[in-house]
Amino acid sequence: PSNPDFMSELPPHQQQKTDLENKEESKESDMPYGLIRNQSLYDVGLSQNRQGANNGQASSFNLKNVSNGAQNIPNNDIIPPFVAMKDEEKSFLEKDIHIAILQTNPIESAEGGDLALNAERKRLQDIFFTTKRGLKIFFGVLTKDSLIRCIQRGAQIVHISGHGPYAKQLKIENKFGRLEDLPAERIREAIEKGGSSKNGKKGGGLRLVFVSTCYSEHVAQSFCDAGVPHVVAVHSMVQILDQMATKFASAFYEALIAQKKTVEEAFNNSKAELLLEKETDCCCRHEGHISDCRCPICKVPRCCTMHHGPNVRCQLKKNIPCCQPKVPHNHSDKFLLLPKKANHSEEIFKDLKNNNLGCERIDSRPPTNIGQANQKTVGRGRDTRILVDFLHPDNETNQGDVVFIFGRPKIGLTTVALQVARFFVRPWYQAIFIGGVFRVNLQNCDDPNALYSYIAQAMNIKQKTTTLGTYSYWDNKRRGYIPYPEQTQKDLHRALSGDDITDPIEFMGDPEMNENNDGCPEHYIILDQHKTHKELLKHTLPDRIYQEFENRVRSLPLEFYIDPEDDEKVLVRRIKFTPPDEDKILVDIKKYGTTQYGNNNNLHQNDSVQFQKLLIIDHINFPDAKLKQFLQKIKRLVNNVKCKLLLCCHGRIENIIHRIQQQDVANCKVQSRSWRIKPIQKKDAAKLLLEQARQLYEFDFNEIHTPSTAEETSQFPLFEWLSKSPALIQQCSLVLDRKVPFC
């Protein structure tokens with residue numbers, strides 16, 4: 001199966017491609033596995049070359065013509081005729097925004113860190129992208145910049161979701177992923193003084209704000225005071241369940257946008273839908289408890305019959321009636337439409353008729369091959385926060401462009417690295433690494449000479465296969481190495497740079513490659529990674545070739561095929577890798593992205609123009625004799641390319657790397673920082689297993705005390721092992737799902 005960390009997430013309208021488009025994509029793109037597509041990029045004052053952004057390719061960049069520029073205009077002194085820029089060719093900052101969806105999801109916070117924001121975003125995205133009114137939606141991180149600038153750019157709807165404190169303020173994120181308080185009064189002042197859009201309207205033309213956070217009534221009032229006619233909020237005394245907030249918001253926007261109802265009609269429809277929910281919320285989810293409410297034994301409010309009911313094991317249990325009976329307990333009553341006595345019979349986007357134009361997502365996400373996580377990560381918030389600080393370009397205490405992280409196998413190096421990468425590829429209002437964020441997998445690389453070709457492959461640089469290095473086979477007749485055909489070269493590069501173990505590369509030998517010229521037998525290229533997956537080879541290879549593979553397992557990679565003249569004989573060819581022209585490939589890596597902002601000749605000719613990149617080089621575990629060469633490649637990369645590097649290294653090579661850098665400062669030493677990834681806590685391992693596996697019952701604990709919390713469960717010796725190898729938690733959950741007892 002494919003690696004779940006590299007699953008693409010695209011809006012529905014971008015997933016619907018015709019057969020012709022699919023054929024053209026498979027014919028021309030030739031991209032590595034796992035690339036995802038980005039719709040737009042942060043504007044740097046240059047028009048964006050949109051070729052490739054709407055043709056089903058995996059990246060918003062089109063790198064077929066890396067060196068266009070002056071070649072297209074014979075005389076550089078001649079100014080080309082002005083061509084009116086279509087809206088689809090505009091950069092991110094030049095496009096209009098109709099709806100802004102702003103969310104907070106901080107790196108490390110007990111408050112709001114686990115909100116179900118992804119579910120809400122996907123539900124809203126599905127609703128918006130089914131409409132045909134040409135809406136332009138910005139999905140982004142809630143920061144000071146994104147809030148006020150979306151309003152200034154004419155957004156008519158702003159949706160805010162995340163954590164709301166019991167105070168007259170809004171929780172927003174700063175550029176390092178930490179929560180900050182934004183007082184409601186400052187929001188009002190900013191909109192009144194600087195919220196005029198190009199149409200000159202007060203509040204920038206803003207018609208509706210939905211503050212989907214707990215206790216958001218006071219913050220919502222600041223928008224009303226600034227002149228926003230319609231504001232949806234949550235009562236100032238209560239919290240709201242994530243599921244209820246998502247359900248209400250999806251029903252509200254479906255009625256408002258898809259069904260073209262008025263604000264009041266959409267609000268009432270959403271409240272009616274929540275009335276169908278069976279349970280009301282508990283008394284734990286409101287403020288204003290009196291001192292007698294909290295139980296001295298279990299610390300739960302005694303006015304809450306849900307959590308302090310008949311099954312509570314408190315001695316001398318006492319229940320009291322709700323201390324705040326006027327505070328709404330029904331889910332539907334918690335939502336408010338402000339101002340309360342205003343007329344809310346307006347239909348938003350009344351002027352946007354059905355024009356058969358799909359919805360467009362407007363944001364500045366950088367190019368990347370990092371996909372959305374499909375499973376939860378626990379216990380790595382501190383590691384992620386520290387590494388983000390190390391790598392962030394705006395860190396004033398920057399101590400170098402290279403960060404080493406070390407750890408034992410299966411401890412979670414890749415998981416932490418991907419969490420860091422996902423922070424930087426979030427839809428910030430301005431991309432942090434405009435040149436892109438890429439993971440380079442060296443799991444199957446045993447030669448540092450191939451490092452730059454692996455980077456180019458991860459970045460999907462569109463060049464000839466010789467740019468990535470050449471694989472050749474030994475020809476006995478010619479007494480020399482002959483390069484493989486182009487398609488075989490591509491298959492080899494993909495197999496060696498991917499995360500998954502692939503089948504042996506199989507192709508039909510052509511007469512030019514066949515030493516005897518008597519036929520075209522099937523050829524099998526078996527790589528070094530296959531020697532630990534013999535069961536796969538048994539079901540793939542002919543018996544005789546598999547037997548020969550067993551005899552030569554120490555000499556891989558090799559090419560095997562049956563002798564056309566003797567069916568009993570297996571012929572074997574040696575394989576050699578010729579590194580690419582490092583100077584050329586470094587230039588390609590360096591210039592990546594500069595051709596995507598229009599046909600600006602000055603930009604193409606100016607080597608000083610670079611867009612900073614973040615490269616995460618994973619699974620570094622070269623033999624000791626090759627580590628010095630690897631460090632030399634890293635130093636040359638940093639000296640030639642504007643980039644930050646996160647190097648994920650096997651723990652055994654930590655001391656060796658430090659020693660080599662001390663012995664050869666001139667060629668191997670780079671200004672860097674190091675961080676060691678340690679085991680997660682046992683209670684985190686227990687929490688993660690209990691969330692992934694089936695529910696545990698009494699038969700799981702035969703003649704053993706049944707634990708009631710994750711803390712008690714973590715005391716079992718199993719979690720001492722799982723905390724050191726959290727990658728094995730998923731395997732344990734599969735075993736439990738097969739009804740194997742826990743003990």
Side-chain angles (χ1 to χ4, degrees), residues 29-35 58-59 61-69 71 367-369 401-402 433 435-472 481 483-484 486 488-498 576-596 603-620 622 626 629-647 667 670:
S29 60
D30 293 325
M31 52 200 171
Y33 301 128
L35 286 169
S59 173
F61 284 160
N62 182 354
L63 297 174
K64 289 184 178 179
N65 302 306
V66 174
S67 59
N68 49 8
Q71 297 178 3
T368 184
N369 65 348
D401 295 329
V402 179
F433 287 100
V437 179
F438 302 96
R439 174 177 176 258
V440 183
N441 181 19
L442 299 185
Q443 184 173 7
N444 301 316
C445 179
D446 58 2
D447 186 358
N449 286 319
L451 174 63
Y452 298 157
S453 66
Y454 272 73
I455 295 175
Q457 182 81 351
M459 296 173 69
N460 194 29
I461 290 180
K462 301 288 186 180
Q463 293 292 334
K464 295 180 180 179
T465 53
T466 53
T467 306
L468 306 176
T470 304
Y471 291 94
S472 306
Y481 282 97
Y484 279 108
E486 183 176 359
T488 306
Q489 298 278 357
K490 293 177 180 178
D491 292 341
L492 281 164
H493 282 296
R494 287 179 173 176
L496 290 169
S497 62
K576 183 181 75 170
F577 175 73
T578 303
D581 182 343
E582 289 191 351
D583 292 334
K584 185 178 186 309
I585 199 169
L586 278 175
V587 169
D588 291 339
I589 296 172
K590 176 181 178 180
K591 290 185 176 181
Y592 182 90
T594 58
T595 60
Q596 310 312 315
L603 176 63
H604 300 157
Q605 295 173 354
N606 188 354
D607 291 338
S608 64
V609 177
Q610 292 190 56
F611 298 139
Q612 191 170 26
K613 307 163 183 65
L614 173 61
L615 302 178
I616 296 173
I617 303 181
D618 199 5
H619 295 299
I620 300 171
F622 290 107
K626 296 184 177 181
Q629 185 182 11
F630 170 74
L631 293 174
Q632 291 172 345
K633 301 290 183 186
I634 290 296
K635 182 162 186 176
R636 188 180 182 195
L637 177 65
V638 173
N639 290 340
N640 286 273
V641 179
K642 187 178 181 181
C643 64
K644 296 271 189 176
L645 301 181
L646 178 59
L647 307 181
N667 297 316
V670 292

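Numbers for residues simply follow the sequence, beginning at 1. For clarity, every value in this text was computed on a predicted model and none was experimentally measured.
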Enquirer: At what distance, to the nearest 0.5 angstrom, does OG1 of Thr578 lie from OH of Tyr481?
Expert: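 That separation rounds to 9.5 Å.
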
Enquirer: Give a yes or no on whether the backbone of Lys633 and the side-chain of Tyr452 come within a donor-acceptor separation of less than 3.5 Å.
Expert: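 Pair found, side chain donor or acceptor close to backbone of Lys633.
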
Enquirer: Stepwise, does the side-chain contact (heavy atoms from CB on, under 4.5 Å) test hold for Thr470 with Gln489?
Expert: CA-CA 7 Å; Thr470 304; Gln489 298 278 357; 3.4 Å; yes

Enquirer: Do the non-hydrogen side-chain atoms of Leu442 and Phe622 ever get within less than 4.5 Å of each other?
Expert: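 The answer is yes, as the side chains (C-beta and beyond) meet within the 4.5 Å cut-off.
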
Enquirer: Minimum heavy-atom separation for Pro448 and Lys626, please, with both atom names.
Expert: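 For Pro448 and Lys626, the tightest heavy-atom pair comes out as CG-O, 3.5 Å.
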
Enquirer: What are the two closest non-hydrogen atoms of Pro367 and Gly435, and how far apart are they?
Expert: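 Minimum heavy-atom contact is CG-O, 3.9 Å.
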
Enquirer: Could you tell me whether the side chain of Asn369 and the main chain of Arg439 form a donor-acceptor pair under 3.5 Å?
Expert: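 Yes; at least one donor-acceptor contact below 3.5 Å.
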
Enquirer: Nearest 0.5 Å please: distance from the OH atom of Tyr592 over to the CG atom of Asn460.
Expert: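 Rounded to the nearest 0.5 Å, the OH-CG separation comes to 6.5 Å.
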
Enquirer: If you take all heavy atoms of Lys613 and Lys590, which pair is closest and at what distance?
Expert: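 Residues Lys613 and Lys590, closest heavy atoms: NZ-O, 3.4 Å.
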
Enquirer: Holding to salt bridge (charged side-chain N to carboxylate O under 4.0 Å, His left out), I want the full list of residues that pass it with Lys635, two or more places apart in sequence or in another chain.
Expert: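 Checked Lys635 against salt bridge (charged side-chain N to carboxylate O under 4.0 Å, His left out); zero matches.
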
Enquirer: Phe433 vs Gln612, test: side-chain contact (heavy atoms from CB on, under 4.5 Å). Steps then yes/no.
Expert: CA-CA 6 Å; Phe433 287 100; Gln612 191 170 26; 3.9 Å; yes

Enquirer: Rounded to the nearest 0.5 Å, what's the gap from NZ on Lys584 to CD1 on Ile589? Could you check?
Expert: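 The NZ atom of Lys584 sits 11.0 Å away from the CD1 atom of Ile589.
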
Enquirer: If the condition is side-chain hydrogen bond (donor to acceptor under 3.5 Å, both in side chains), which residues does Gln629 pass it with, not counting sequence neighbours?
Expert: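 Partners of Gln629 under the side-chain hydrogen bond (donor to acceptor under 3.5 Å, both in side chains) test: Asn449.
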
Enquirer: Which word best sums up how the rings of Phe577 and Tyr471 line up, parallel for under 30°, tilted for 30 to 60°, or perpendicular for over 60°?
Expert: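 Geometry flag for Tyr471 against Phe577: tilted rings.
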
Enquirer: Can you name the salt bridge (charged side-chain N to carboxylate O under 4.0 Å, His left out) partners of Asp401, sequence neighbours left out?
Expert: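 Salt bridge (charged side-chain N to carboxylate O under 4.0 Å, His left out) list for Asp401, sorted by chain: Lys644.
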
Enquirer: Are the side chains of Ile585 and Ile455 in contact, using a 4.5 Å heavy-atom criterion?
Expert: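 In short, these two side chains do not touch, never coming nearer than 4.5 Å.
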
Enquirer: Find the distance between CD1 (Ile616) and CZ (Phe438) and round it off to the nearest 0.5 Å.
Expert: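 One finds 11.0 Å between CD1 of Ile616 and CZ of Phe438.
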
Enquirer: Which residues satisfy the side-chain contact (heavy atoms from CB on, under 4.5 Å) test with Asp583, sequence neighbours excluded?
Expert: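 Expected list: Asp581, Arg636.
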
Enquirer: With side-chain contact (heavy atoms from CB on, under 4.5 Å) as the criterion, how do Val670 and Leu645 come out once you've worked through the C-alpha distance, each side chain's angles and the decisive distance to 0.1 Å?
Expert: CA-CA 11 Å; Val670 292; Leu645 301 181; over 6 Å; no

Enquirer: With Asn640, which residues qualify under side-chain hydrogen bond (donor to acceptor under 3.5 Å, both in side chains), at least two apart?
Expert: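 Expected list: none.
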
Enquirer: For Met459 and Leu615, which heavy atoms make the closest approach, and how far apart are they?
Expert: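 Where Met459 meets Leu615 most closely, the heavy atoms are SD-CD2, 4.4 Å.
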
Enquirer: About how many Å separate CD1 of Ile617 and CD1 of Ile634, when rounded to the nearest 0.5 Å?
Expert: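 With rounding to 0.5 Å, CD1 (Ile634) is 4.0 Å from CD1 (Ile617).
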
Enquirer: Which pair of non-hydrogen atoms, one from Leu451 and one from Phe630, has the smallest distance, and what is that distance?
Expert: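 For Leu451 versus Phe630, the nearest heavy atoms are CD2-CE1, 4.1 Å.
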
